[in-house]
Every structure is written in C-alpha cells, then in structure tokens.
Peer 1: 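Have a look at the structure that comes next, please.
Counting starts at 1 for both ligands and their atoms, following the listed order.
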Amino acid sequence: MYTLRTFWTSGPKLARGVLSQGVPAALRGTPAQPARLLTTSVQQESFLNGSSSNYVEEMYLAWLDNPKSVHKSWDVFFRNAQRGAAPGEAYQSPPPMAAMMPVQPVAWPMMPLPAAPAVTSEQMSGKVIDDHLAVQAIIRSYQDPSVGQELGSSDEMRTRIETVVPHQRMHAMIRAYQIRGHQCAKLDPLGIMEADLDTSTPRELTLPYYRFSEEDLDRTFVLPQTTFIGGGNTSLPLRDIIQRLEETYCQTIGLEYMHINDREKCDWIRQKFEIPGIMSMSNETKRLTLARLVRSTRFEQFLATKYPAEKRFGLEGCEVLIPALKTIIDRCTEQGAESFVMGMPHRGRLNVLANVVRKDLDQILCQFDSSLEADDEGSGDVKYHLGCSHMRLNRTTNKSIKLALVANPSHLEAVDPVVQGKTRAEQYYRGDIEGKKVMSILMHGDAAFAGQGVVFETFHLSDLPAYTTHGTIHVVVNNQIGFTTDPRFSRSSTYCTDVAKVVEAPIFHVNADDPEAVAHVCNVAADWRSEFEKDVVIDLVCYRRGGHNEMDEPMFTQPLMYKQIGKQPTVLRQYAEKLISEGVVTQEEYEEEVSKYDKICEEAYQQAREEKILSIKHWLDSPWTDFFKDKTRDSMMVCESTGVGEDILTHVGTFMGSPPPDPKFTIHGGVKRILRQRATMVKERWVDWAMAEAMAFGSLMHSGFHVRLSGQDVERGTFSQRHHVLHDQNRDKVFWTPLDNLWPDQAPYTVCNSSLSEYAVMGFELGYSMSNPNALVLWEAQFGDFSNTAQCIIDQFISSGQAKWVRQTGITLLLPHGYEGMGPEHSSARMERFLQMSTEDPDLYPEIDERFEIRQLFDHNWIVANCTTPANYFHLLRRQVLLPFRKPLVVMTPKSLLRHPEARSSFDDMLPGTTFQRLIPDLGPAGQNHEQVQRLIFCTGKVYYDLTKERKARDLDDKIAIVRIEQISPFPFDMVKQQCDLYPNADLVWAQEEHKNMGAWNYIQPRIRTTVNRERHVSYAGRASAAAAATGAKQSHQQELTRLLQHAMNLDNHVALWQSQPRRNLTG
Ligand SMILES: Cc1ncc(C[n+]2csc(CCOP(=O)(O)OP(=O)(O)O)c2C)c(N)n1
Ligand SMILES: [Mg+2]
C-alpha cells in the first residue's frame, strides 16, 4: 500500500494583496458584490442574459480583483464598458489564433471602438460559458479556498461546479505526477541521496494542494484521455488513481518525458509505463536477469581476488549495467539490429568486454600481465581504454550480431561523436537509411555526462540529416559521485541527464538495485528508438562500492556515503533472495550458476598465464580485414599514380561549370558568373584551387571511393569558392550537387554543412573515416585556428590513435591558414602544434632509398602539408586514398590563393605520370645557374608568392633561389638535401609569415641542420615572437610583411640585422 502524500504544503499561499496590485484603490479588497456593480453599459450588452449574467458577474469580480486574472477579451470588454462604450459596443471578439501567431504582441483595440459586430446570445452558448466559469473557478480556487462557495445562484451551476471542479483538479493532479512524479521516486539504492539533488516534495504531489479530503478518496472519477492508468477502466476511485500514479511515477523508476512537445510521443511513453501490470516479467526472464547479474558480479569479484593491486575501475555498485546492456541488445536485435557500435568510459569496461561483447576472457586477462610483449607496432594503451570488434551469436534471438566497442582516450565523453560517426558510416555503407540494422549505444558517467560540453555538441548532431544515427541509447552509470566530488558540487542542473532535454529525449531514471525495473526501462528505450529513431537516456542511479579506482580510499571524502555503502548488500544478493523467496529459482540453482561462472573465469585465468605475446591487433574496433588482406609491410611500399586522364578532368570540370540540367532551376547571378569562369578554365585547360579540389573528389568517386566533406559552411565554402551545392533562387529546398551527379555508377558524394561545433563534428568525421578505408573523409575548419576547440580529438585520437590502438584513419583536416591582415583569430591554423606532434626524429638523418618517400609516410604518425599550387593539392588529396595504408592528413589550406592569378595549375600537371611534389624546386633563373646563387630560401605556403614578387622587384631572380616545402611532415630530408647540395655557395634561410615562435620554423630548423650535417647555418626571416597569432591592425600587418621580405632579400649580414631589431619595430 502506498502512502498518500496528505500533508499540507508548506509553501506560502498567494496573498490577496498580491493579486489586487494595480487595481484602482477604490476597488481594492472589495468583497464579492452583486451584479449591480456592473456599469450600465455592461448591463445593456445583448449577450448578458440567463446564466451568462452570472458568468459575466463572475468575470467582472475577478477582473476588478486583478484584470490579468481573466481572459484578455474580458479585460478589453470591461475596460471599454467602464469608459462608457455604447450598448453592444464594449465587446470585441478576440482575434483568431492565426492573428496571434506573430512574435509582436497583439494590440487589442481600445476606445474608440472599431465597428466590430456585437456578440449575440446565440453565439455565446450557455455551455461555453459554463465551461469557462468552471475553469475560472478552478484557477481561482487554487489561489483562494473560499472562492467557489459564492459561485452560481442556480442549483444546476452548483452541480456542474461540484462535478467539473474536482475532475479538473484530478486532471491537474495526474498531470503533476506525469511531470514531477520522478522527484518523489525512490531512485537511490542507498536511500540517502536524491537523484535530483532536492529533498523536498513538490506541492503539486500533495493531496491538500488539490483540496481533496479523505472522503474524496472513495469518490469515483472519470479518467482523462491523457492517462492509461485505468487499463480497461475509464473511471476509478481517487484512491486507486493515486495509488496507480504512485506505482508508475514514484517507485524505482522516475520518468521525465513531459518536456517532449509531442502528444503522440508522450502517450506512447505513458502506455509503456502506466498500464497496470505492464512491468510484469516472466520467470524465465527473471532467471536470465539473475544469471547475467551473477556474471557481472562474479567477474569483478574474480578480478579483485586475482589482481588485487591492479586498477580496473570496477563496476561494483552498478553490476546491473551488464543485464541492462544485454536487455537492450536483445530487444534491438529482435527489432532487426545487427551491428552495435558502443562507446563507454573506464568504469566497468572490462566487464562489458567480457560479458556483453563476449571478448575471449583469456585475452582480457592477458592485459593484466605486464611482462607480456606486444607483437605489433605501437605503444599500446591501458586495458580499460582498448576497443574491439566481435561477432557473436545472440542467444535470445539466435541471430549473429556484431559488437564494436570503440577505443577511447582517458578524456571522458570524447569518444561520443566518434562512435556516432562510425555508426553513421556503417549505416551508410550498408544502405541502412533508417538505422534499423546499425545502431549506437553510449555509456556515460554521471559527472562527465553533466560536465563535458562535447555531450551537448554530440546531442546536437543527433537529428541533423547528414549526421543522425537514427537514435542512440544512452546509459548513464550514475554512481552519484565523480572521483571525489559530490554531485551538488559538480553540476548546476537538477539531474546529471538534463543535457539530453535539448533534443527532447525521454529520460528514464531507475534505481539500479531493482533489476526488473532496469530491464523494463531498457526494453522501453529500445522500443522508443525503434519507433521514433530518436535518442533516449537511461539513468542507472547506483553507487560506487569502492574508491574511484581500486587504489583509492573513498572514506577520506565521502565518509557517510561509504558507511552506508558498507552496509549495502550487493544487488545480486538482494535479487537472488527475492527470486528464491518468490520460488522463481532455488538456492541450489543459484549456487550452481555462480560456481559455473567462477569455473569459466578460473579456466580463462589459467589459459591467460600460458600466453607469451600480447597482440594489440586483437583489440581493433575497426579491423578492415579486407583492406589489409594479403598486404605485407613490403607490399605496401608502393603508391598508385595520382595523375588522372584528361577526359576525367574535362568531365568533372564541365559539370562544375554547367548549370543544373533542370531548365526551371534558377541560379544566382554570381554563381552563373562562377560557372562561366569554370567553363573557361576547362576550355583553357587550367584550374584554380576549388576546381582542383572538385577534380580530386570527382576522379576518386569515379574510381569508386566515397567522398564526404563536412564542416561549417563547407557546401558553399567559407570563402565562397566551392559552390558544391547550388540553390534554386525561386524554390525552397531545391538543390543541385554536380559532384554527386557526375556518372551514374560513381561512388556517392556527401557534402554537408555541419552544426557550429568543432569538437563533435571533427570527432564524428574521424569515426566516419574509421569505418571504411575506401573513402576520402574530410573535415574543414571555418578558419584553421577554430580546430583548437577540437584539440582533444587531434591530440588523443588523430595524432596518436594508431600508436595506441593500431587503428588507422585517413581523416583529412582542411585548415584555412595564412596571414592576410585579418587579425589574430583568422590567420593561423597553428601549424606548429601539428608539427610538434609529428613523430620523426629531427636529429636523425634517415636512410634514403627509392622507397623512402612512402616508407616515411608509413612510419610516421600523420602528414602535415601546405600546398602552393592547385595541382599539388589535387595530388595530395588523391594520394590520401590511393596509398595502400591510411594516415591522417592535415592541410593548411589557403585563403587569398583561392583567387590568386598565379596560383593556377595546368591540366598538364594533373595528367597520368604527374605526382604530388613534396618539395617544389626553383625552376627559374636561379635554378638554372646554381653556382651563382647566393641565397637559398626555403618556405612553405602562400608567402612563396610574396617572396617571388619581391625577388623580381629587386631583380634578384638569379641570386636567390626559392624552394617550397609542400609536405612539411614527414620532412622531405632527401629533397632538401638535394637542394642544399645544388646551391653550395648559398646561405640558407627559412622564410615564414608566421611569428617566430609559431609556424614551421622550430620544426624546420633542426631538420635542415641535420640534413646539412650541421655544417651550414640556417637563418630565420619572419615575424618576431609574439603572444597573439597575428596583429589586429592591417597597417602593422603590411609593415611586418615588408620587413620580412626586406630581410629575406637582403643579401648582407641577414642574421645579425634581423635579430638585432627591437621588438616594437617588428610588430609595429
Ligand atoms: C575530460 C576529462 N577530465 C578529467 C578526467 C579525470 N577523471 C577521470 S574519472 C573522473 C571522474 C568521473 O566521474 P563520472 O563521470 O561520474 O564517472 P565515474 O568514475 O563515477 O564512473 C575524472 C574527473 C578525465 N578522465 N577526462
Ligand atoms: Mg560517477
């Protein structure tokens, strides 16, 4: 039997004085008055007759008390009447709903009155009035218990009110349970904390709030359509209503769904929880749940016994996570899912691997043996970060399913978007456009879920057409603590799950010590995803039995909580006792289940002890088996030619320069001009940057490689250079994407403007790139420096992912970079950061042979490039996919070079036989007459064009050679050496437009020195060190550039000159 919340609320009642504020002093506090208070004009209104006069009187009294307490139409009416409107003219019919739609407040007409028709008694039916009256009475009865007694002079009215008013209150009460019942649910297994951080009972969940008395409890009420608690009954006694509401909303499940702005979805959830008996579970399922709890619990106990001194971030206190995940997977498999991509933090990861993914136990246990040597390259990672991919039979449905747990860094929640991208890609490759076959499950810790911004960013991708995975099931291991911090100090939101409300995800809080309730919400979550293809959150409110890890002492910081935890029996014990007492299992059966699993663990332990080698490859979350099939390290040392036949270049170019085939499609005049320019390019056989890019994409898709370009405003291009999606100027949502329509059998092209996020979107594209190697997946920053808000993805995944997890990716980052006088925030893509994370040794001159170029790429962690010609960019992009292995590519892309008249390439530079040039030598007069050259300038990127212009202006073309390093990392040692040897009499200068502590200087200098065996000096020409990436003043920018060029071209005493400049002169 449930206790009814019958105590009076402690909250203050609204004082009458508050309600009457703003009413003329003469009328303030006026007691209920008869109709004579109405002004003459009011009494003369044609619709005031019969019962309506009572109603009007009621309205009038209410209006006198507070003009805002009545509908606006009454307010206008009474005000007009008081101002002396003629009979029949005081009433103004309210504007129709449509007129009220605009954001501007609707100004209702006051005197003088327009000629609106007066309302007749026929129009204002008695029923409408009665209903209004009842509603008004309810509203006011909440505010003042005495109201209602003086209402209605007729018996009929009193009867109506006596029926309608309690019903309305009952409706409000049901609604209150639906909205706020979760606040009274018994969610904390320890019984000491409130999951919503609030110990008070909402007033709306108390009987007195509705002015129901004990006698009312036996009164029968007709149930509204917004509840399903009646089951087959359309009416119930109030006592039963409350009991059923308490059962649904205030036991071990707390439901949050009333924030969903969709009646159908709310009803769907109500049906899943309110219908009496809906949570009943078969004995078979109960036994299965118990068996899963046995595995989950005994696994942790086994590890604790065998490896007491090892960190494993045990799941103790939330062992129910395992049956929960398995229930989700069973249900989703029944609904057609075949592949699950999962992301999770440290806690319980080994248990998930062992008992959900069903990774071989001995392989898991090997991870505890620190003496085992890894057989693969790479530095590896700790056991609770490794991913894996595994096919297994789902016993419940007898279907084969794939489970992938994505490897992740320590950075909590960083894996979320990666999982989503990988899921989306898998859906895409399977043609699973509704996400019926492939789905993601994300697990979270309570503190991280609330605290990490990437959670929010990832939620925002969930419903975007090019990013949705058609619903993710989120499971929060809410142990009510984050390391040593209590929830009240780690979040400002009510629940740790509130972030999910931004996408109107339903949130099911559940007490993790009630395995059946957990199973129920898991089934509903799976059904929700299947039904609506939207995200849903399960909040497993649990506790952490030990410290943050196995070495930690929790009593230092949470003494009371841990005293309680000390007394808390495991959920396994509680549930086993329950099922034994219910007769669902016997004690012997239970013990047999336990010893069966203990034996499995022991055998795996013995087997693991026999392992000699640790294979990181067993832990790949995206194995790419076909891609690597029959490949050896040796066979991977060749790369296909990146040049392309002229027919393909012409075809792509022509498409890019043609209007859409639909004659009704109207394109913008500016776009027309661009298309004309593109047509000219094809005719004249040259390309600019955007055209080269389109040709790289088009030619790859022609060869069957999918291309996906994502980032902010990438469809048009930040600099209006790309225009990959043309918009009909007259019809909404009518687009034309030429690159997706080049050939009927081409691989598809996806170009998508992303949400304004870097962290989540870059993570998403990284995940996408991991799914299938046969694709070019690019993420573009609006400006290169914005990529630093995704630094975690760059540092933890892209630069180091292969080393940690032997996992390859060809993700390509396009980072607009270049000093154009646009200020500190739009100039630098921070190339120094990427270079600093490059792995090759600056002090070691490598062994050079004919395979050096590709071997270097293979051995390196990533590629950093900064091209100066469209053709080289074209080759770089193509090489990215034609390489026999995958490496991340970071490209500093240009801004002004997009339209620079010299930054053009001929078709000839892209034809078969041409290739990516890691370094572009000087082919001008200096390159013809090496001995006479006094200076060899190395540079990268657009400054090359400034340098050549200045050199020409100074007539130094034969004295200064300018060589471009296009692939900065891995460093083209071999080619740089050739150049240095070619100009034996030249001094060596590195010229850059970035500040000295930025750009490539710190990376380049030691490598050139190593190349020349430290026998020649390398000096610097560029901006001085600075804190901000660039000056904010255009004029200073120009001065800095002038000085840079002067210095680079000054053949006398350049080192001393530059370095002796006072700082202020350099920065302006
Ligand atoms: C981005 C990030 N910041 C800080 C940490 C350090 N850290 C590791 S676990 C942890 C507490 C996590 O609490 P919660 O999310 O509730 O998970 P729990 O450990 O309780 O399961 C912290 C702060 C981290 N791993 N990642
Ligand atoms: Mg926690």
Peer 1: Could you tell me how the ring of F313 sits relative to the ring of H548: parallel (under 30°), tilted (30 to 60°) or perpendicular (over 60°)?
Peer 2: perpendicular

Peer 1: With hydrogens left out, which residues have an atom under 4.0 Å from ligand 1, given that only heavy atoms count?
Peer 2: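 Contacts of ligand 1 under 4.0 Å: H346, R347, S410, H411, L412, G445, D446, A447, A448, Q452, N479, I481, G482, F483, H548.
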
Peer 1: Can you tell me which residue among V475, V419, L405 is in a side-chain contact (heavy atoms from CB on, under 4.5 Å) with M344?
Peer 2: L405

Peer 1: Does D539 offer a backbone N or O that forms a donor-acceptor pair with the side chain of N478 under 3.5 Å?
Peer 2: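 The answer is no, because no donor-acceptor pair under 3.5 Å joins these two groups.
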
Peer 1: Go through the side-chain N and O atoms of E758 and Q782 and say whether any donor and acceptor fall under 3.5 Å apart.
Peer 2: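 Note: E758 and Q782 side chains miss the donor-acceptor criterion.
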
Peer 1: Using 2.8 Å as the cut-off, note every protein N, O or S atom close to the Mg ion (ligand 2).
Peer 2: D446 OD1, N479 OD1, I481 O

Peer 1: Determine whether more than 12 heavy atoms belonging to other residues, nucleotides or ligands lie under 6.0 Å from atom CD of Q791.
Peer 2: yes

Peer 1: Can you find a side-chain donor-acceptor pair between Q802 and N861 that sits under 3.5 Å?
Peer 2: no

Peer 1: Answer yes or no for K306 and Y605: cation-pi contact, defined as NZ/CZ to six-membered ring centre under 6.0 Å and angle to ring axis within 45°.
Peer 2: yes

Peer 1: Measure centre to centre between the rings of F459 and H474, then say whether the value is under 6.0 Å.
Peer 2: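 Between F459 and H474, the centre distance is under 6.0 Å.
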
Peer 1: State whether a side-chain donor-acceptor pair under 3.5 Å links T252 with N511.
Peer 2: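 No, N511 and T252 have no side-chain donor paired with an acceptor closer than 3.5 Å.
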
